[in-house]
**Student:** 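The structure is given below, and queries will be raised subsequently.
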Amino acid sequence: MFCTAFRIFSLQSRPHKLVSRNVVRVNTVIGKKHAADQLEYIKSAAEENIVDWSEVKKNALSIQGSLNSKNIDAVLLKVMVNVRNFDAALSFADYLRDTNSELSLGSINSLLLLYYQIGRTEKLTDDQKKFILDTYKSLYDKYTVLDFTTCERLLHALCVIDEWKKAFKVLDNIFLSCKPSHSAYSTLIATLFRCNKKNEAMKLIEQSVSNNRPLMDGAYEAWINYILRKYKDKKTILKYMEDILIFISDNLTKVNAETAQKIRHYYSSHSWDVQFTKIRKSDGQCMKCSETLDPLQLTGEQFKMLQENVKEKLIVGSNLFLKTSPDELNRFLEFLEKTAPYDVVLDALNIAYAGKRGPMDRYRVLNYVVDYYSKMNKRILLLGRKHMLRWKNHQIQKLMNKTCSFFTEDLSQDDPFFITAAIWSGPHTDIVSKDLLRGHMFLMQDEKLKLIFRKWQWQHQWMVFINKQGRIILQEPLRFNPYAQKNNGSWHLPYETEDVTDAPQINDGVPDLSKWLCLRYKPVR
Amino acid sequence: MYCIRSIFTLIKRHQPITAIPKINILKTSFKSELSRFYSKVIEDESDNIINELCNGDPEQEKKLRILMLEVEVMRQDGRCAPNILLSKHWQHLMQLETRNQRTKYLLYLWKTEKSKENQKAKKEARRKQLEEMPPEANKEYPDDITYGISERSLFLRIRDQSINNFDNYRNLQAIIHGLPIVIDCSYEDYMVYREAVNAAKQMTFLFGDNRIHRDPFNIHLCNVNTEGSFMKQLEKNIPSLKESWFPLNIHTKSYLDIFPKERLVYLTPHCREELTKFDYDAVYIVGCMVDKVNNEPLSLAKAKRDGIKMAKLPLDRYLEWAPGSKKNLNINHMIPILLDLKSTGDWEFSLRHIPRRKLMETKILAMQKALKNTQLSKDEVFNNFKKYSNLKGISSFKNRRSSSRKSLYDDD
């Protein structure tokens with residue numbers, strides 16, 4: 001009871017948290033917590049028209065906080081860029097260049113940031129362009145390799161002035177210390193499209209995706225603009241636009257809402273019928289065009305890969321004893337050999353504990369599920385732990401008559417066993433469990449394997465829920481592919497928005513079906 | 001002012017001899033001198049560190065130079081990075097793989113540096129205050145006797161060393177007559193550096209708690225890796241650890257080689273068997289592990305592999321736990337519980353060592369405080385309560401308690 005009450009408080013405070021999170025995102029680069037008063041002063045000072053910057057600096061330093069004479073220049077500049085006060089920032093930049101013979105690395109970084117932010121919306125002056133190029137040259141003369149932060153800033157600044165060759169060199173440099181950020185990749189890709197270097201852009205897109213850095217809105221925008229700029233014929237444009245959609249569906253990504261808007265805008269201006277839509281959960285029908293999405297399928301090769309990996313990754317792992325023991329594993333393997341294949345594998349404890357009103361309710365739920373499948377003449381495997389055998393009135397023995405059954409030790413984990421049993425039994429076997437199996441998906445380690453596992457799970461997982469009236473509801477597996485695809489000449493794209501809903505929801509493992517884009521070709525009459 | 005002071009400290013640290021002539025220059029042409037001064041010091045120092053750590057390996061050197069640049073940029077960027085990094089810190093930084101890990105480590109170092117600085121400043125202020133304070137009660141006549149502890153006292157002063165010896169004596173008695181208990185130190189590979197240091201700290205507390213108890217255990221550290229960071233930190237905490245007279249058994253061997261297998265009982269929170277009473281014939285094993293990063297049931301796996309008995313403390317029977325609290329205890333809570341249990345046999349009394357923050361009573365107090373200070377109206381609170389709570393299926397603690405007494409892990 002108290003825990004729920006606590007949740008109410010935390011939920012209450014959530015909107016505030018969201019607000020502050022946005023603020024923090026802008027200021028991540030500054031140790032805000034330790035210099036709150038100083039930053040407050042700087043922000044208020046920046047709003048007035050200031051001539052005497054040394055005075056501002058002196059005042060800021062006299063306040064207690066973590067800003068000192070070493071980092072004050074960089075922070076001042078960064079704060080002004082973050083609150084988008086470019087006039088003040090430019091005047092401070094002039095002050096900096098006048099007073100210092102040699103700029104510190106920190107202030108160089110902040111200047112690069114400033115020019116990047118200005119350059120995104122308007123053209124830079126020749127002086128500013130020259131500064132970026134000079135900085136690039138002098139930094140690499142002085143230090144043969146650069147650190148991550150400097151590289152990122154330099155790359156963004158170089159991209160604004162379309163120096164993509166130099167930016168490539170900087171990108172390579174980043175790999176020495178870590179992976180480049182999403183924004184670094186996407187900015188460079190956008191620049192390449194702007195400079196009409198499609199081949200290079202495509203190569204970099206591939207690299208970006210393989211490094212787990214999906215494209216951001218800017219890159220898609222530049223891509224669309226490139227196509228519109230380069231081709232005049234309507235049909236060719238459509239053909240190349242489709243490339244973008246094919247790219248999205250091949251990589252199984254979701255675009256964000258802004259990109260979805262842009263795609264929508266383009267297609268609807270070319271006499272396509274474009275609408276935001278929802279997909280029906282039961283059969284994958286689009287609510288707007290009544291087209292059904294493609295069925296979810298794993299190729300034989302993919303499934304084989306899953307079969308080969310599942311035991312090693314899920315049961316054995318780094319240490320067999322963490323989840324089971326060698327004896328038990330052998331017992332399990334022998335059992336599988338004797339009794340496989342099955343049509344459906346039940347995670348008995350998970351199903352039973354959907355019933356929340358005591359032991360009888362647990363038995364009722366489990367019995368219902370077993371009966372449900374045995375009526376369909378399915379071959380069932382019931383997988384539980386040994387303590388279930390002590391249920392009262394020989395309940396479990398009654399169930400065992402209707403099914404194959406395997407019980408693990410009380411100290412072992414039963415989840416890996418039921419997953420392994422289902423996958424080994426063949427591509428047609430379903431599972432029943434309310435567990436989302438995220439931990440097990442993580443253990444697959446390999447990104448590709450994770451995705452296959454995910455698909456398999458969507459394809460085969462039934463879930464048991466109990467509604468308020470106490471009725472048992474079996475949720476069927478997903479019948480369709482929840483990724484971008486082309487069906488009968490029309491496209492369906494999922495997209496994601498950032499808003500968070502406040503109301504608590506039950507996560508039933510189904511991807512978001514309410515945010516889709518439906519693109520349909522409308523023949524011109 | 002602050003900045004001048006920081007330069008002073010910097011000068012003191014790096015160039016104690018040339019410090020005095022430089023100050024005058026700094027005061028007059030402060031800015032231009034400043035930048036050169038910094039870069040000069042860092043270059044000298046960094047070259048030394050690079051030579052020391054890389055041994056001429058060009059790959060390593062490249063990596064270290066990038067790291068140094070990264071830290072320097074962080075300093076100038078207003079992010080939290082310490083001003084002084086020793087070669088051991090750089091070595092640790094080189095081992096960290098991701099940028100996030102490095103940032104966190106640097107933040108930790110920065111905080112320690114700042115807190116040291118603050119402490120120093122505080123001390124300085126206190127010293128000044130003491131200097132300015134008037135000397136104590138003036139004497140009316142020069143030959144007056146002043147009374148009080150600082151002048152004359154009836155009792156002999158008991159020094160720390162005597163207390164230490166007294167405690168160790170009791171520990172030595174335990175080595176001869178006390179019940180053995182095993183601390184299994186084999187989990188160091190599963191811990192990150194920070195956790196190993198924490199574990200060493202807990203071990204230090206545990207040693208102290210044990211020896212001031214009326215009837216201490218005879219502690220055996222088993223599976224010790226003498227080269228590991230746990231042992232190094234422990235030695236730092238207890239400098240006389242390796243002396244031959246020191247009352248602690250340290251084995252690199254496994255507990256299986258020291259005690260008969262039948263007597264061993266592994267205490268692990270992951271098993272299902274509950275300890276009902278203290279068995280004076282058993283040798284209890286406690287895993288020395290801080291599992292903040294790695295949550296796998298490692299001690300369970302170890303006991304299973306070794307084929308020894310397992311047990312956990314009956315925590316749910318005697319205490320009402322707050323939702324979300326973990327039931328794995330620090331070793332320096334575990335041993336005092338066992339000590340008390342051994343001498344009293346009273347679970348309620350022994351379990352007082354469990355931190356109160358993990359219990360429901362603390363949560364209730366915090367809850368009441370939150371209700372008192374909330375800005376929401378009463379109606380809103382109630383509405384939210386109805387909206388978000390799922391009161392069905394939550395039985396009262398009393399019921400749960402009786403059911404947990406009835407059976408340990410049957411489902412009904």
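Because the structure is predicted, anything quoted here is derived from the model rather than measured. Within every chain, numbering begins at 1; the chains are lettered A, B, ... in the order of the sequence lines, protein sequences first and strands thereafter.
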**Student:** Any ion pair linking B:Glu296 and A:Lys323 (charged N to carboxylate O, less than 4.0 Å)?
**Tutor:** no
**Student:** Does any backbone or side-chain atom of A:Thr324 lie under 4.5 Å from a heavy atom of chain B? Answer side chain, backbone, both or neither.
**Tutor:** backbone
**Student:** Rounded to the nearest 0.5 Å, what's the gap from NZ on B:Lys304 to OG on A:Ser412? Could you check?
**Tutor:** 4.5 Å
**Student:** Within the supplied structure, the quantity of interest is the number of heavy atoms (other residues, nucleotides, ligands) at a distance under 6.0 Å from B:Gln60 CD; does it exceed 12?
**Tutor:** yes
**Student:** Taking atom CZ as the centre, does A:Arg97 end up with more than 12 heavy-atom neighbours from other residues, nucleotides or ligands that are less than 6.0 angstrom away?
**Tutor:** yes
**Student:** Relative to chain A, which of B:Ala303, B:Ala301, B:Ala322, B:Pro297 shows the most heavy atom pairs under 4.5 Å?
**Tutor:** B:Ala301
**Student:** Under a 3.5 Å distance rule, please check whether A:Lys70 uses its side chain to pair with a backbone N or O of B:Arg75 as donor and acceptor.
**Tutor:** no
**Student:** Below 4.5 Å from any heavy atom of chain B, which atoms of A:Leu146 appear? Answer side chain, backbone, both or neither.
**Tutor:** both
**Student:** Name the option with the most non-hydrogen atom pairs under 4.5 Å to chain A; the candidates are B:Glu97, B:Lys62, B:Arg65.
**Tutor:** B:Lys62
**Student:** Heavy-atom distance under 4.5 Å to chain A: side chain of B:Met68, backbone, both or neither?
**Tutor:** neither
**Student:** Side chain from CB out, backbone as N, CA, C, O: work out which of these in B:Leu67 comes under 4.5 Å of a heavy atom of chain A, or both, or neither.
**Tutor:** neither
**Student:** Search all heavy atoms of A:Ser177 against all heavy atoms of B:Arg102 and return the closest pair with its distance.
**Tutor:** O-NH2, 3.4 Å
**Student:** Evaluate the criterion side-chain contact (heavy atoms from CB on, under 4.5 Å) for residue pair A:Asn71 and B:Asp77; output intermediate values, then yes/no.
**Tutor:** CA-CA 5 Å; A:Asn71 57 28; B:Asp77 242 357; over 6 Å; no
**Student:** Assess the side chains of A:Thr149 and B:Arg79: does a donor N or O sit below 3.5 Å from an acceptor N or O?
**Tutor:** yes
**Student:** Say you draw a straight line from CG of A:Asn68 to CD of B:Gln76; how long is it, rounded to the nearest 0.5 Å?
**Tutor:** 10.0 Å
**Student:** Donor-acceptor pair, B:Glu70 side chain versus A:Asp147 backbone, under 3.5 Å?
**Tutor:** no
**Student:** Step through the shown structure and confirm whether more than 12 heavy atoms of other residues, nucleotides or ligands are within 6.0 Å of CZ on A:Phe465.
**Tutor:** yes
**Student:** List the steps and the verdict of side-chain contact (heavy atoms from CB on, under 4.5 Å) for B:Met310 and A:Leu411.
**Tutor:** CA-CA 11 Å; B:Met310 289 175 247; A:Leu411 282 181; 3.8 Å; yes
**Student:** For the OH atom on B:Tyr190, are there more than 12 heavy atoms of other groups (residues, nucleotides or ligands in this structure) within a distance under 6.0 Å?
**Tutor:** no
**Student:** Might you point out which heavy atoms bring A:Phe148 and B:Arg99 nearest each other, and give the distance in Å?
**Tutor:** CE2-CZ, 2.9 Å
**Student:** Taking it one step at a time, do B:Leu69 and A:Leu105 satisfy side-chain contact (heavy atoms from CB on, under 4.5 Å)?
**Tutor:** CA-CA 9 Å; B:Leu69 207 60; A:Leu105 257 179; 3.7 Å; yes
**Student:** Heavy-atom count around B:Lys326 NZ within 6.0 Å, excluding the residue itself: above 12?
**Tutor:** yes
